[in-house]
Amino acid sequence: MILDVDTGIDDAMAILYALNRPGIALEAVTVTYGNIDIANATRNTLQILELGGRDDVPVAAGASKPLMKPFSGGAPHVHGTNGLGTVELPAPSRRTAEEHASDLIIRLARANPGQITLCPIAPMTNVALALVKAPELATLLREIVIMGGTIYHAGIGGIPSPIVSANIWNDPEAARIVLRSGARIKLVGLDVTMKTLLTPGMMAAIACGTRAGAAMMEIVRFYLDFYKSVRPDIAGCPLHDPLAVAVAEDPSLVKFEPMQLDVELAGEITRGQLIADRRSGVSPNVDVAMEVDLDRFAPRFVEALRTVGLT
Ligand code: CA
């Protein structure tokens, strides 16, 4: 697996989850802007990998802004001014690879044809750049498992368009390049991720585990407080990015509906919205996760985070 991240509190949890699952070999982490600017996202990624005891995983930085517009400034009210809930982890002991994220994706896919799952849990600028540079990537990758978008879920506050998720909103043009690439694609969006709540009880169980799990739960408090403020009706914070990684490892955690999906680029009030064409005779390009098995995912998440890294 290659994870493409904008670390970010839920990205951090997704990275730790990927490090501690038997079905995932994390080959590299590529970084972009999104929740926070790329400099912070890159430092956070290095810090989280070190926290998880895996500073051997290559990290490459890539796009610092969307294809067609400047960086929006991210979401410090969701992820904290440093992207990790204002918790200060030790400075990373290493730097990123010299290679651009998109070049690393292309190189690893060419070296391992049909074997790499690319899991973008961030705006898809790096993935789009890689597909433009090397269109054959679409068939070289085993599949692309995207965190983003919504079909029926109403969306979350803070984004100008309704029915749009942050990862797609941040770079709709990149999303279109990916959706039209011909790659095998699974989409894990708000329809399922908003059902996967990290509850205070789960947080307490994780915090009793390794140092890494405990530090992660310290970081999550900021994110939980944000969700308490915007969604007082839900008892926890959604595990957006971790669910996408979990589905990449084990697709049986969700039920998919095949759809032909494209993304609106020019709508007055719908820019960034995914449009599903379900008319008969239309061939699907994406398997969209529409139901999730929480009874299996929640304990698996707690166990992975509780035991990640060194005690
Ligand atoms: Ca993310």
Side-chain angles (χ1 to χ4, degrees), residues 1-19 24 26 28-49 52 57 59-66 71-85 101 105 117-128 144-150 153 155-156 158-159 164-172 174-175 178 186-190 192-194 196 198 216 219-220 222-224 226-227 237-248 272 289 301 305:
M1 177 183 291
I2 301 174
L3 266 178
D4 188 65
V5 300
D6 58 334
T7 316
I9 294 176
D10 60 327
D11 303 77
M13 289 191 279
I15 291 169
L16 293 176
Y17 185 89
L19 291 181
I24 298 175
L26 189 60
V29 182
T30 53
V31 188
T32 189
Y33 69 91
N35 294 324
I36 195 86
D37 63 88
I38 190 160
N40 275 291
T42 304
R43 186 207 55 228
N44 294 345
T45 302
L46 292 167
Q47 287 174 319
I48 291 296
L49 283 167
V57 177
V59 175
S64 59
K65 64 180 191 61
F71 172 57
S72 69
H77 57 298
V78 184
H79 296 272
T81 48
N82 68 348
L84 289 180
I105 292 168
T117 294
L118 177 59
C119 193
I121 54 176
M124 286 184 279
T125 320
N126 283 340
V127 184
I144 301 175
V145 181
I146 297 167
M147 191 280 129
T150 162
H153 188 276
I156 310 174
I159 292 167
V164 172
S165 83
N167 286 349
I168 311 283
W169 169 256
N170 271 317
D171 198 345
V178 176
K186 291 189 171 84
L187 186 101
V188 177
L190 302 183
V192 281
T193 66
M194 284 301 286
T196 58
L198 178 63
M216 187 68 243
I219 293 166
V220 167
F222 193 98
Y223 191 66
L224 183 68
F226 164 76
Y227 274 98
C237 49
L239 295 166
H240 301 291
D241 292 351
L243 182 66
V245 173
V247 169
F301 178 81
L305 274 274

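The model shown is predicted, which means the values in this text are computed figures rather than measured ones. Ligands are counted one by one from 1 in listed order, and the atoms in each one are counted from 1 as well. Counting begins at 1 with the first residue of the sequence.
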Testing the 3.5 Å rule here: is there a donor-acceptor pair between the side chains of Tyr33 and Ser72?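 Tyr33 vs Ser72: no donor-acceptor pair found between side chains.
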Taking atom types as modelled and ignoring hydrogens, do the side chains of Asn82 and Asn40 form a donor-acceptor contact shorter than 3.5 angstrom? no
Distance below 3.0 Å from the Ca ion (ligand 1): protein N/O/S atoms: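 Listed by chain and number, the atoms are Asp6 OD1, Asp11 OD1, Asp11 OD2, Ile121 O, Asp241 OD2.
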Under 6.0 Å between the ring centres of His79 and Phe222? no
Note, Ile38 side chain near Lys65 side chain (heavy atom, < 4.5 Å): no
Side chain to side chain, His240 and Ile156, heavy atoms closer than 4.5 Å: yes
Paired with Leu243, the side chain to side chain contact (heavy atoms under 4.5 Å, CB included) test is passed by just one of Val245, Asp241, Val247, namely Val247
